[in-house]
Amino acid sequence: MLQRSSRSVLTIIGTALGIGGFVAILGVTETANGQITKAFTELSSTVVIAHATEEAVASPDEPFPADARTRVSRISGVTTVAEWRRILPRTISALPPGSRDAPSSDSSILAVSPEYWDYVGGQLGEGRFFDEALSEYPVAVVGRELARSMSLAPVETSPTIYINRVPVTVIGIAADTRGDSTLLSSIAIPHEFAIQNFASDVTAAALGVNTRVGASTVVSEQLALAINPQHPDRVRVVPPPKPSLARNQVAVSVQTLLFSLACITLLVGAVGITNSALIGVLSRAPEIGLRRALGAMPRHIALQFVLECAIRGLLGGAIGTAVGVLTVVVIAAIQQWTPVLHPLTLVLAPIAGLGIGCLAGAYPAWKAARLDPLAAFRTL
């Protein structure tokens, strides 16, 4: 094996690439699954929504008591509380009433509290969001998609839209949200201003809560009573969906795909060792014939080739394991992930290289053991 060092080195490199790819893919898979679990947990299990029932919306009283948000904010685990109402106005126009060819829209209006921006993770494209100081003023934030369809002028020019002929100044354009994208195709106006001008057009009311991770279940159980202690039946709470099923399906799909790629890399390494060993049998035919003539048994010849392939596989497996671990760490560092790799992988990968070497060398060893000494000498 040492006399043909170049072939041995190339075989070891091929095995190292196969084992290294296998380890790297397994490590990246486990790391990605960890990120999938984290993302599902953070996005799916920290939002609880309470809807006012149709009875509460249709009643002459407010859908939610005035101090509902204050009580909800006192529940342990709650981080943000926002209230919004959906309004279906008769007309929405970008030009004054009576203008010809006025660009109009049939989109809904969201009457939101100032906390709504934090609740949905709103991101501005232009202008600003309204706050408590503007809660009674005729201002609006328009979603990016709706602003484009209505051909609104830049926010710097203080464009005006008309809701049921009521002029409202656009002070901001919402470019994106963290979760619910309803805002991007709607017009958001201050909650207090909406109550004063469009109370009769309210079709739905809801209260959204952001919670700390792990607190959503407890919060959802207390939410209805905290919102309306006298009539909790007028509140319909929608707890966060359990992300385990979707998360597991995504994780299994990713793991199956990448594991298949890892097995292909191992197969490539095994084919490389087999090919190198077969070439070795052909080039070393005189040597094999000489050993047979000196009394070596076929099993001795077979054992020699299997051991050589096993050593190459073990060395390639050890080097490949180190390269694979380094690859996982580098990828995780670039993506700012936490690298995850099962400890058994570090032990089993070199053993896998040894096993692949033995299996890949079995057929060449069998061919070498069956080589006829006279036929071998004729190749000289």
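Listed for the H342 side chain is a donor-acceptor partner under 3.5 Å among the backbone atoms of L344.
In this structure, P89 and N164 approach most closely via the heavy-atom pair CB-OD1, 3.4 Å. Closest non-hydrogen pair, V306 versus A365, comes out as CG2-CB, 3.6 Å. Nearest heavy atom pair, residue L134 against residue P190, reads O-CG, 3.4 Å. Across every non-hydrogen atom of A194 and I87, the tightest pair is CB-CD1, 3.8 Å. For the pair L223 and V48, the tightest heavy-atom approach, listed with the atom from each and the gap, is CD2-CG1, 3.7 Å. Residues T79 and T211 share a closest heavy-atom pair of OG1-N, 3.8 Å.
Neither side chain, E55 nor T53, offers a donor N or O lying under 3.5 Å from an acceptor on the other.
In Q335, the CD atom is crowded: over 12 heavy atoms of neighbouring residues, nucleotides or ligands sit closer than 6.0 Å. Residue R71 places its CZ atom among more than 12 non-hydrogen atoms of other residues, nucleotides or ligands, all under 6.0 Å distant. Around CD of Q336, the count of heavy atoms belonging to other residues, nucleotides or ligands within 6.0 Å does not exceed 12.
Contact check on R85 versus E62 returns a salt bridge, with a Lys/Arg side-chain nitrogen under 4.0 Å from an Asp/Glu carboxylate oxygen.
Below 30°, between 30° and 60°, or above 60°: for F193 and F198 the angle between ring planes is above 60°, a perpendicular geometry.
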CA sep, side-chain torsions, deciding dist, call: T169, Y137, side-chain contact (heavy atoms from CB on, under 4.5 Å) | CA-CA 9 Å; T169 302; Y137 285 80; over 6 Å; no
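Hydrophobic side-chain contacts under 4.5 Å tie V238 to no other Ile, Leu, Val, Met, Phe, Trp or Tyr residue.
In this structure, L207 and F64 have side chains that are in contact, with non-hydrogen atoms separated by less than 4.5 Å.
Ring-centre distance between W366 and F305: not below the 6.0 Å cut-off.
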